[in-house]
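Heads up: the structure comes next, in structure tokens.
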There are 4 protein chains.
Amino acid sequence: MSPKLVDKTEKINEIATAALYLFAKKGYAATSVEQIAEAAGIGKGTVYEYFPSKEEIFVHAINDWIMDLINRMLEKTRDIENPVERLKAFIEMVKDVLNVEEPDPKKLFADIDQQTFMQGGAFYKRRHIIKDMRATFCDLVVDILLDGVSKKVFKPEIARDVSKIAINLLAYLDGICMHYLIMEEYQEFEDQIDFHVKGFVDYILV
Amino acid sequence: MSPKLVDKTEKINEIATAALYLFAKKGYAATSVEQIAEAAGIGKGTVYEYFPSKEEIFVHAINDWIMDLINRMLEKTRDIENPVERLKAFIEMVKDVLNVEEPDPKKLFADIDQQTFMQGGAFYKRRHIIKDMRATFCDLVVDILLDGVSKKVFKPEIARDVSKIAINLLAYLDGICMHYLIMEEYQEFEDQIDFHVKGFVDYILV
Amino acid sequence: MSPKLVDKTEKINEIATAALYLFAKKGYAATSVEQIAEAAGIGKGTVYEYFPSKEEIFVHAINDWIMDLINRMLEKTRDIENPVERLKAFIEMVKDVLNVEEPDPKKLFADIDQQTFMQGGAFYKRRHIIKDMRATFCDLVVDILLDGVSKKVFKPEIARDVSKIAINLLAYLDGICMHYLIMEEYQEFEDQIDFHVKGFVDYILV
Amino acid sequence: MSPKLVDKTEKINEIATAALYLFAKKGYAATSVEQIAEAAGIGKGTVYEYFPSKEEIFVHAINDWIMDLINRMLEKTRDIENPVERLKAFIEMVKDVLNVEEPDPKKLFADIDQQTFMQGGAFYKRRHIIKDMRATFCDLVVDILLDGVSKKVFKPEIARDVSKIAINLLAYLDGICMHYLIMEEYQEFEDQIDFHVKGFVDYILV
DNA sequence: TATGAATGAGCTTTCATTCAT
DNA sequence: GATGAATGAAAGCTCATTCAT
């Protein structure tokens, strides 16, 4: 915990942040280490003082980004008493994430998937990071649902399958976001989600 | 006059097929034209007699693959009279597609997304191919649902929102497949889908 | 002199003519054998039945073109009685050659120079073709001048240096054409030449 | 902060010089970037740290060479008082330029013409460089002639057509050099030029 | 520690030429 | 004789990484 270490951590984050914006703008492959260095305001060689490889920059930057996403999710939903409102707030957040312009999340997700599936990809041997993220989101939804059950707002019988229900909800959100990103029919997107969520809430309400 | 006439279309398909397996194994970017040529059992230069660029090989190979997927989907579901059975057959097919080992669909989808989102990607200016595929799947589900309504098996009121319902179902399937591909918990996958589908069918049955 | 040989010669000329237009349009390097074959209406492989290499096509085509140039020059100037008119007709011809649009002579000349000077170039070991062309032009001018002397139209003393005078006139014409091709000031070109020729004729007239 | 600072300009010139010798030896097209790198004693990739493309190397090298030619011309003729001597010094310089062995100017000029005339050539959209060079030479000759007129050494009436006269002289020199380069009759070259220049000087002297 | 100069493996693409039919 | 399918050498260029300073 010497001051040097603090500096080092800070520098690492600076580089990772600069890199994230570039990755989200141009994609992982199309972003060169030189560009990252330039964006971070340091020399190309200096990048390698803080990261052993471009791949590590990606992993670090994505990890930070995911952590930040999760924290914001938790914060926004933590203090809402009404379970229905809390659930809706969560879904709003999901929608918001996709509407961020910079850094563009769809390119990041495309790169993450790529790097997760391809042998030798940056996340190929670290899919636990991606899995953990999904698990955390799942836990959050489970928490909201069980809270609703305990407050007698949601049907008690959903408690038994709460995990499955949470995963299915998240899967739906994932899929519909993908659909929207590809189809580019922004205007219908909200309607589409609202339609599903309405059915979902009806289904779980007592 | 014409001494050595090769079936161009066949050769194109041979190369595209060889390429598809490599793309699905190592990813588009990591597959070199030389490797494609080798896999197709021809020289590097010969590839360029049939395709103007690596990008076109990708587009062609993916397009063929998608067309094949769609055709198989349509075939398998076309002749089933019972709407519920037909819907379930469709979902079975979706599950099956993901369980193909070679060419690995998850990697192909990751590459497709990548090449669709990234500026200058192979599908960046051809997303209509991807959109058309999704639209075709949507039409199929809509068809199944309306068929069910007309046969008085499904609730008449779903007709009004049939398009939304179809998209939401497909989005869910998309999302849950992605979830399964990332989480690698194959054993729970079937249960998970069945759970959702059971709820879905209950919801639409008269 | 069998009919087959005649056919062969004809075919060779067809290919060479097609090639010449392409060389003059796109340059030697940028013209592929495939394009030549296509322009000649034959298959790529057939070209090699008539020429051993692309280089030989170039040499043959250029040689034909030069021969044609020379013949046209001789024809146009042969029957003019008045030496001054004959000289002017020759110079008119030179001007005309450069104004041909297709095949563009400046590109051909640039390619010829290139292939003459560069070691291993198509004309590197055949500069005699180029030299002969220049010698023929020189002979023509010498002939015109001596004819003028014998007709007492031109000063008798130019006979002694007639060869030098001819070469210098041709060199000037060469140079001014080059100048015009590079500077692209077409309108001044005629004036420029006329100015020089007027001085030249004044100088050699009795 | 800046540990290894190389004089970029110097390195650029080193590469350009190495390239110029190769271009003059083998021609632009036949010279590969790898060969340039080797000749400059650096790696292939390093070349691209200093030049964005092979084309730019050519343009830079040729431009430097031309500038150097012009400067030497100006220097050699600047301080000569006697207009006739000055004119002769200029012509001597022209002769000398062609007698340089390395880098061989005839090959460079052949490449320049090539790259100027061919669409997409390195000088195709930069012919102003070539035009400027010719204009500068023209200005120099004009300057010599007008200086001679003002010193009452040359006829006053040449002042009116001084530009035409200069261009014609340069055109002749251009053409005769070309002739000599192609015909390779070095021994007659000097005589030939002297013969023309003698006539020229007689014509412009008072 | 910070740097940017240097690098070369590796990429996609071109095309003159060969040759089986 | 005519063909076009096949080829691979060679090109220009990119960029993650190394390393001397």
Side-chain angles (χ1 to χ4, degrees), chain A residues 4 7-8 11 29-38 40-58, chain B residues 1-8 11 29-38 40-57, chain C residues 4 7-8 11 29-38 40-58, chain D residues 1-8 11 29-38 40-57:
Chain A
K4 281 209 172 172
D7 277 355
K8 190 141 194 176
K11 202 93 180 184
T31 302
S32 72
V33 174
E34 186 151 28
Q35 286 164 349
I36 294 170
E38 202 182 347
I42 59 174
K44 203 196 325 183
T46 313
V47 171
Y48 285 87
E49 294 292 322
Y50 295 94
F51 290 97
S53 69
K54 186 186 173 188
E55 209 175 284
E56 289 308 305
I57 304 174
F58 184 67
Chain B
M1 287 286 177
S2 30
K4 211 165 146 193
L5 269 183
V6 154
D7 187 342
K8 278 240 169 197
K11 201 96 183 187
T31 302
S32 74
V33 174
E34 190 151 23
Q35 288 163 347
I36 294 170
E38 205 181 344
I42 57 177
K44 199 195 332 179
T46 311
V47 172
Y48 285 90
E49 295 287 321
Y50 296 93
F51 290 97
S53 67
K54 185 186 172 189
E55 205 174 290
E56 289 308 305
I57 304 174
Chain C
K4 281 206 172 175
D7 277 355
K8 191 143 195 178
K11 204 94 180 185
T31 302
S32 72
V33 173
E34 186 152 27
Q35 287 162 349
I36 294 170
E38 202 182 347
I42 57 174
K44 202 194 330 182
T46 312
V47 171
Y48 284 87
E49 295 291 323
Y50 295 93
F51 291 97
S53 68
K54 186 187 172 188
E55 210 175 284
E56 290 308 306
I57 305 174
F58 184 66
Chain D
M1 285 288 178
S2 31
K4 211 165 145 192
L5 269 182
V6 154
D7 187 341
K8 278 238 170 197
K11 201 95 184 188
T31 303
S32 73
V33 174
E34 191 152 24
Q35 288 163 346
I36 294 170
E38 204 181 343
I42 57 178
K44 197 195 338 177
T46 311
V47 172
Y48 286 90
E49 295 287 320
Y50 295 92
F51 290 96
S53 68
K54 185 187 173 188
E55 205 173 291
E56 289 307 305
I57 304 174

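Letters A, B, ... are given to chains in the order of the sequence lines, protein chains preceding strands, and every chain is numbered from 1.
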Test side chain to side chain donor-acceptor pair (under 3.5 Å) applied to E38(B) - qualifying residues, sequence neighbours left out | none
Does dG1(F) have OP1 or OP2 sitting under 4.0 Å from an N or O in the side chain of K8(C)?
-> no
Nearest heavy atoms of A30(B) and Q35(B), plus distance in Å = O-OE1, 3.5 Å
Go through the structure and list residues passing side chain to side chain donor-acceptor pair (under 3.5 Å) with E34(B), not counting sequence neighbours.
-> none
Short question: side chain of K54(C), backbone of T31(C) - any donor-acceptor pair under 3.5 Å?
-> yes
Sequence-distant partners of E55(A), side chain to side chain contact (heavy atoms under 4.5 Å, CB included), two or more places apart = Y28(A), S53(A), A122(A), R126(A)
Applying side chain to side chain contact (heavy atoms under 4.5 Å, CB included) to T46(A) and not counting sequence neighbours gives I42(A), Y50(A)
When the distance from CD1 of I36(A) to P of dT17(F) is rounded to whole Å, what number comes out?
-> 10 Å
Stems in DNA chain E: runs of 3 or more consecutive Watson-Crick or G-U pairs, distances under 3.5 Å?
-> E:2-21 with F:2-21
Can you list the residues that meet the side chain to side chain contact (heavy atoms under 4.5 Å, CB included) rule with Y48(D), with sequence neighbours excluded?
-> V33(D)
Remember a base hit wins even if backbone is also touched, and classify Y50(A) as base, sugar-phosphate or nothing at under 4.0 Å, heavy atoms.
-> sugar-phosphate
Classify every nucleotide of nucleotides 7-14 of chain E by which part a protein heavy atom approaches to under 4.0 Å, writing B for the base, S for the sugar-phosphate alone and - for neither, in 5'-to-3' order.
-> BBBBSSBB
Send over the distance from D7(D) CG to dA5(E) P, rounded to a whole Å.
-> 11 Å
